[in-house]
Amino acid sequence: MESLPNRYHPNEIETKWYTVWEKAGFFLPRHPQTGKPIVCDSASKLPSQKPYTIVIPPPNVTGVLHMGHALNNTLQDILIRWRRMQGVPTLWLPGVDHAGIATQNVVEKKLAKANQTRHALGREKFVEEVWKWKEEHGSTIVKQLRMLGASCDWSRERFTMDEGLSRAVRETFVLLYERGLIYRGDYIINWCPRCQTALSDEEAVHQEIEGALYQIKYPVEGTGGFISLATTRPETMLGDTAVAIHPKDKRYQHLRGKKVILPLVKRVIPVIEDEFVDPEFGTGIVKVTPAHDPNDFELGIRHGLERINVLNPDGSINEKGGPYQGLDRLSARKKVVEDLKAQGLFEGEKRHLHAVGHCYRCHTIVEPYLSKQWFVKMKPLAQKALKAQSEGKVVFLPSRWTKVYTGWLENIRDWCISRQIWWGHQIPVWYCVGDETCLLECKQPIVSREDPKKCPACGSTRLRQDPDVLDTWFSSWLWPFSTLGWPRQTSDLRYFYPTSTLITAQEIIFFWVARMIMAGLELVGQVPFHTVFIHGTVRVEGGKKMSKSLGNVIDPLEMIDEIGADALRFSLVMLAATDAFLSREKFELGRNFTNKIWNASRFVFTHLEKDRPKLTSGFWDHEEKLSTIDKWMLAELDQAILETTECLEACRFFDAANIVYHFFWHSLCDWYLELVKPVLMQDAPSERKQAVLSVLTFVLERSLRLIHPFMPFLTEEVWHLLKERVQGDEVSGETLMYAPWPSAQTKGKFKREQEKVNLFQEAVTGIRDLRARLGLKPAERVGDVYMTAKSENVQKAVSEFREEICFFARVDRLTVREKLKKEVGMVGRVYHDLEIFVGGLSEDGLKKEAERTENKISELEQLVCSIDRRLQNEDFRAKAPDEVVSAERERKKNFEEQLASHRENLQLFR
RNA sequence: GGGCGAUUAGCUCAGUCGGUUAGAGCGUUCGGUUCACAUCCGAAAGGUCAGAGGUUCAAGUCCUCUAUCGCCCACCA
């Protein structure tokens, strides 16, 4: 057997295993009885057992893996691998989102480098270019997910613009249109002048900026007087069609029914009264621009005002803006202010903090803009989604996110779904542009699942499809069922829908999670998933979000290259229990753990070289061959198994990782491995050695299973190395991926052993502490170490460990207190009812120990005092549960005994 | 402006039903490498649980207020 390097080198091992797994089809869901892959629309019978399904939050096709993805997908992979090991048919369905605006931007940028524009190219050619780009670069993130170890079923990989999903999008649009849930109309939407498209409310991100509040004067018609009003966007006055006051505002009663002259454009506009106006804000008079402000738009409807759109799609002033035509909105703002100043109508400006919408993509300030768009009527959908939650059909974890979800749904507004871009699902609506005489009848748009050939009204074949495409999220919200074949009733849809768990970040609860729930309920009639787990946001140290634009990224791919995917995964889970602040150093945690597992395994292997012992759980039938420490080890393993399972069930990833970490490192390596070393070092074969090897290999093997969901590559590698070195059916099968998830077997029957070892550990720690404090070198033989124990039980337990304690601290005699009194230079420490003494001390050492003991005594005295106070309280005795009261009494007794021992010891030292 | 969350060791965070002397990792200090791993082992030090009230026999834990920080949402021009 070749010798293994003393450090773990992950790179080749990870590549090797991923290839093996994928080729072998291990990621496909499997029939629990036959073990055969479950293929979509297969003729074979579906299992009766409920599957475990996760659909991936599809990353953008333009994306590269960042830490957020790494965390998100690690958590999904942990659940999937864990359930797979439990023998559940498990599907993790991967895919990629076409990311309309983002992708279009990327390709446009590429064209710009070649001095090209999409307009010059034309729509058809441009879309071809995007597809070409997608073929070349679109699988980047998918490859990176593989590097992370994601055990997705790649045979089911989907793309939001592939044929099936496009059909689902069309079906949805038509269905919702038929149900009266999609409509088209002129409304104020968020317009990004740079992307030149409408955005949904969620895509217009409010950010606080420091603007100015400008106060200006409008002359009142026919009176020679003026009114003052305040605005943050003076240039929009070009589109004013009224000014408004509060009907009860005493200051402005004289303005009722009056008209004002709009400066610069000289338009005469009415003074209207509306409750909406807040008399407290500004001057109490507000300019009304129905085409450029959502409130003013509503005002305009109530008062029948004209809507004058003064902006071009690129944000410049259009012909309605007279002399300002052609100026960008911000230049126009300056010019308007200047001109007002020149005319003496400007009354000043003051700094003003306010939240302004920014394009989520390019961060340009968006303009409220009047235009004709398609909308989804959200209230009816939201009702269903709220009901599903209140009935417990969807559960959010951690539960506080529930309120975020319901709060949004309760205040939902209609969803603007049309986008004026070219990359995406073109809206399945056609308009007849044929026969002029037919125009009246043909005004009705043709909304169709199939491309229509002719106008159903006039028969004209001159049809024009709506040029807009749908919001990317209009395909994403169908993801949990469109990927399974919907609207076709595939076997996948029947078997895997609804899915089990959705794992995602907080940012897309509105964009995606809530909308998926609405779509699932409306279109399939069931929630798309039962549990939504929201994980923390990954940030860099200092608190900023980690993002490419801030240049503060810790690249997960670099980390994989340096320390391996397993180490990255484990570190992330340990670090990102809540919102996490990361730094490169923190990833050492995972790296060190991989190395620890590697080396512990290597150590075990060195003792397996000779005879390829049988790895068996058979020792359960021969308990008499197991020592206390063996039984303790097995009990610890079981505890780790139970706790890890419990945590995974509750999506408590950090706790689960923490448990396996401590179990492996501290219980297995620091205690068990160290304790059995002397046995293993013996050259001669012995029954004891056999027993130890059995337990050791068994525990190692079970640990590998337990750790596998977190660190799949390393555990698979070590598992195979172990397999080569032992015999027996405990290590069978081709892969650890399908090794059954461990179950507890000791069922508490080694409780006594656990208690004994805990006591022993305390004793050993005490001895080490003493030795360290006394400055004894490890090899230095000191006088004697004595142990005394008051109760017989403890005495027995301790004598059982004489051998082990010798190994650490040389217990030469087990004796009793009486004998000790005769010795000189003793120092002692008390552990419950166990005492340890070391002899042969200097004067100085004795003095220090006396001081320590005095401190300890006063600490204990205080404790006893406070317990006493409690016990003397009548209310406590009367109202506290009996077991609490008796526990207090017990504690007091304990402390008093310790106190007595320490006092006696103090005498010894003096 | 509204909502949510946080505040516990030098740092990052656990702490479940209110009940033992409040825990871990990192960092620090001290000691240690022939015998798997210095990416290691052993030990220690380190806490007014943000502050103030309240409920309770009992509060890190429940309630109220205050302060600071973070996040999300929002059409006061």
Side-chain angles (χ1 to χ4, degrees), chain A residues 4 6-8 188 201 206 213 229-233 236 244 276-278 280-289 293-298 352 354-355 357 368 398 400-401 403-404 407-408 411 506-507 509-510 537 539 541 543 545 563 567 574-575 577-583 585-586 588-589 591-607 650 652 654-655 658 661-662 669-670 673-674 677 681 764-765 768-773 775-779 808 859-860 862-863 866-867 870 873-881 883-885 887-888 890-891 894-895:
Chain A
L4 302 167
N6 67 351
R7 287 186 185 183
Y8 175 58
I188 297 275
D201 293 330
H206 281 84
L213 192 60
L229 51 80
T231 178
T232 53
R233 292 182 298 153
T236 63
F276 160 77
V277 180
D278 176 4
E280 304 291 314
F281 189 89
T283 61
I285 303 180
V286 58
K287 59 192 271 312
V288 183
T289 323
D293 184 280
N295 294 310
D296 295 4
F297 178 78
E298 296 295 326
H352 183 62
H354 59 152
R400 71 187 133 93
W401 295 110
K403 238 179 137 175
V404 176
W408 185 71
N411 301 300
Q506 165 265 119
E507 299 103 76
I509 292 179
F510 306 142
T537 306
R539 298 196 173 80
E541 232 144 21
K545 246 184 219 180
I563 63 171
M574 290 287 274
L575 296 169
T578 56
D579 288 4
F581 302 94
L582 297 181
S583 63
E585 300 77 55
K586 287 186 178 172
E588 287 173 11
L589 165 72
R591 182 203 55 182
N592 294 353
F593 192 39
T594 56
N595 201 52
K596 190 69 184 175
I597 295 171
W598 178 254
N599 273 297
S601 308
R602 218 160 54 87
F603 173 72
V604 175
F605 294 162
T606 58
H607 297 284
R652 290 166 56 168
F654 164 79
D655 292 334
N658 213 15
Y661 179 86
H662 279 98
C669 294
D670 289 348
L673 230 43
E674 291 303 332
K677 256 181 189 172
M681 295 300 174
V764 169
T765 304
R768 288 168 178 168
D769 178 25
L770 277 175
R771 295 186 66 98
R773 283 212 324 279
L776 304 176
K777 295 267 180 277
F808 279 99
E859 201 180 295
L860 282 165
Q862 276 175 31
L863 266 167
S866 78
I867 296 172
R870 203 171 304 164
N873 185 332
E874 266 177 52
D875 282 333
F876 175 71
R877 291 200 307 270
K879 292 181 185 170
E883 60 273 20
V884 172
V885 178
E888 282 302 290
E890 193 58 32
R891 280 178 63 212
N894 259 325
F895 290 142

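Bear in mind the structure is a predicted one, so any value in this text is a computation, not a measurement.
- Closest approach to the A:Q506 side chain among B:rC72, B:rA36, B:rU39 is made by B:rC72 (side chain taken as heavy atoms from C-beta onward).
- Between A:N658 atom CG and B:rG15 atom P there is a gap of 11 Å when expressed in whole angstrom units.
- Between the A:N411 side chain and the A:G407 main chain, a donor and an acceptor come within less than 3.5 Å of each other.
- Straight-line distance from the CZ atom of A:R591 to the C1' atom of B:rG25: 15 Å, rounded to whole Å.
- Judged purely by distance below 3.5 Å, without hydrogens or angles, the side chains of A:N873 and A:R870 never pair a donor atom with an acceptor atom.
- Side-chain contact between A:R233 and A:D293 is present, with at least one heavy-atom pair separated by less than 4.5 Å.
- Distances were taken from every side-chain heavy atom of A:N592 (C-beta onward) to each of B:rU39, B:rA24, B:rG5; the shortest belongs to B:rU39.
- Candidate nucleotides B:rA74, B:rA36, B:rA24 were compared by shortest atom distance to the side chain of A:A355, and B:rA74 ranks first.
- Inter-residue side-chain proximity for A:F605 and A:L4 is flagged as met; some heavy-atom pair is nearer than 4.5 Å.
- Side-chain proximity of A:V286 to the nucleotides B:rA74, B:rA36, B:rA77 is greatest for B:rA77.
- Separation of the P atoms belonging to B:rA59 and B:rC69 is 31 Å when rounded to the nearest angstrom.
- Applying the side-chain hydrogen bond (donor to acceptor under 3.5 Å, both in side chains) test to A:T236 and every residue at least two apart in sequence or in another chain returns A:K287.
- Side chain of A:D670, nearest nucleotide from B:rC57, B:rC4, B:rC41: B:rC41.
- The separation between A:F510 atom CZ and B:rC71 atom C1' is 11 Å, rounded to whole Å.
- In this structure, A:K677 forms a cation-pi arrangement with A:F603, its terminal cationic atom sitting closer than 6.0 Å to the ring centre and no more than 45° off the ring axis.
- A gap of 26 Å separates the C1' atoms of B:rU55 and B:rU68, to the nearest Å.
- Taking 3.5 Å as the limit, the base of B:rC4 and the side chain of A:K403 contain no donor-acceptor pair of atoms between them.
- For the C1' atoms, the distance from B:rU8 to B:rC49 is 4 Å, rounded to whole Å.
- For B:rC57, its base never sits under 3.5 Å from the side chain of A:D875 at any donor and acceptor pair.
- A:M574 comes within 4.0 angstrom of nothing in the nucleic acid, heavy atoms only.
- Straight-line distance from the NE2 atom of A:H206 to the C1' atom of B:rG3: 16 Å, rounded to whole Å.
- Between A:F593 and A:M574, the closest side-chain pair of non-hydrogen atoms is not below 4.5 Å.
- Classified by interplanar angle (parallel below 30°, tilted 30° to 60°, perpendicular above 60°), the ring pair A:H352/A:F281 is perpendicular.
- Each of A:K879 and A:S601 was assigned the nucleotide of RNA chain B with the nearest heavy atom; the assignment lying further toward the 5' end belongs to A:S601.
- Residue A:V884 is in base contact, counting any heavy-atom pair closer than 4.0 Å across all strands shown.
- The distance between atom NE2 of A:H607 and atom C1' of B:rC37, rounded to the nearest whole Å, is 13 Å.
- Side chain of A:N595, nearest nucleotide from B:rC41, B:rU39, B:rG19: B:rU39.
- For B:rA14 and B:rG47, the C1' atoms lie 15 Å apart once the distance is rounded to whole Å.
- Shown here are the side-chain hydrogen bond (donor to acceptor under 3.5 Å, both in side chains) partners of A:N658, two or more places apart in sequence or in another chain: A:H662.
- Annotation: B:rA50 and B:rA6 have their P atoms spaced 12 Å apart (nearest Å).
- Rounded to whole Å, the separation between the C1' atoms of B:rG19 and B:rG27 comes to 33 Å.
- Closest to the A:K586 side chain, of the nucleotides B:rC76, B:rA36, B:rU12, is B:rU12.
- Going from the C1' atom of B:rA45 to that of B:rG31 covers 14 Å, rounded to whole Å.
- In this structure, A:L229 and A:V286 have side chains that are not in contact, with every pair of non-hydrogen atoms separated by 4.5 Å or more.
- Base orientation at B:rC17 is syn, since its O4'-C1' glycosidic dihedral falls within 90° of 0.
- Regarding contacts with the backbone of B:rA77, a side-chain N or O of A:H352 is found under 4.0 angstrom from either OP1 or OP2.
- Within the 4.0 angstrom heavy-atom criterion, base atoms lie near A:R7.
- Which of B:rC75, B:rA77, B:rG19 sits closest to the side chain of A:D278 comes down to B:rA77.
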**Complete:** Base-pair string, RNA chain B, Watson-Crick plus G-U, cut-off 3.5 Å on both distances, | for inter-strand, is (((((((..((((.....[...)))).(((((.......))))).....(((((..]....))))))))))))....
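- Residue A:A600 places its side chain closer to B:rA36 than to any other of B:rU12, B:rA24, B:rA36.
- The side chain of A:R602 lies closest to B:rA36, out of B:rG5, B:rC73, B:rA36.
- Within the nucleic acid shown, A:Y8 has no heavy atom closer than 4.0 Å to any nucleic acid atom.
- Counting to the nearest Å, the P atom of B:rG18 and the CZ atom of A:F876 are 17 Å from each other.
- Here A:P881 lies in heavy-atom contact (under 4.0 Å) with a base.
- If you measure from atom NZ of A:K677 to atom C1' of B:rG42, you get 13 Å, rounded to the nearest angstrom.
- When the nearest nucleotides of RNA chain B are assigned to A:L860 and A:V277 by heavy-atom distance, the more 5′-ward of the two goes with A:L860.
- Distance check on atom P: B:rC71 versus B:rG18 gives 32 Å, rounded to whole Å.
- Atom CD in A:E874 sits about 11 Å away from atom C1' in B:rC57, given to the nearest Å.
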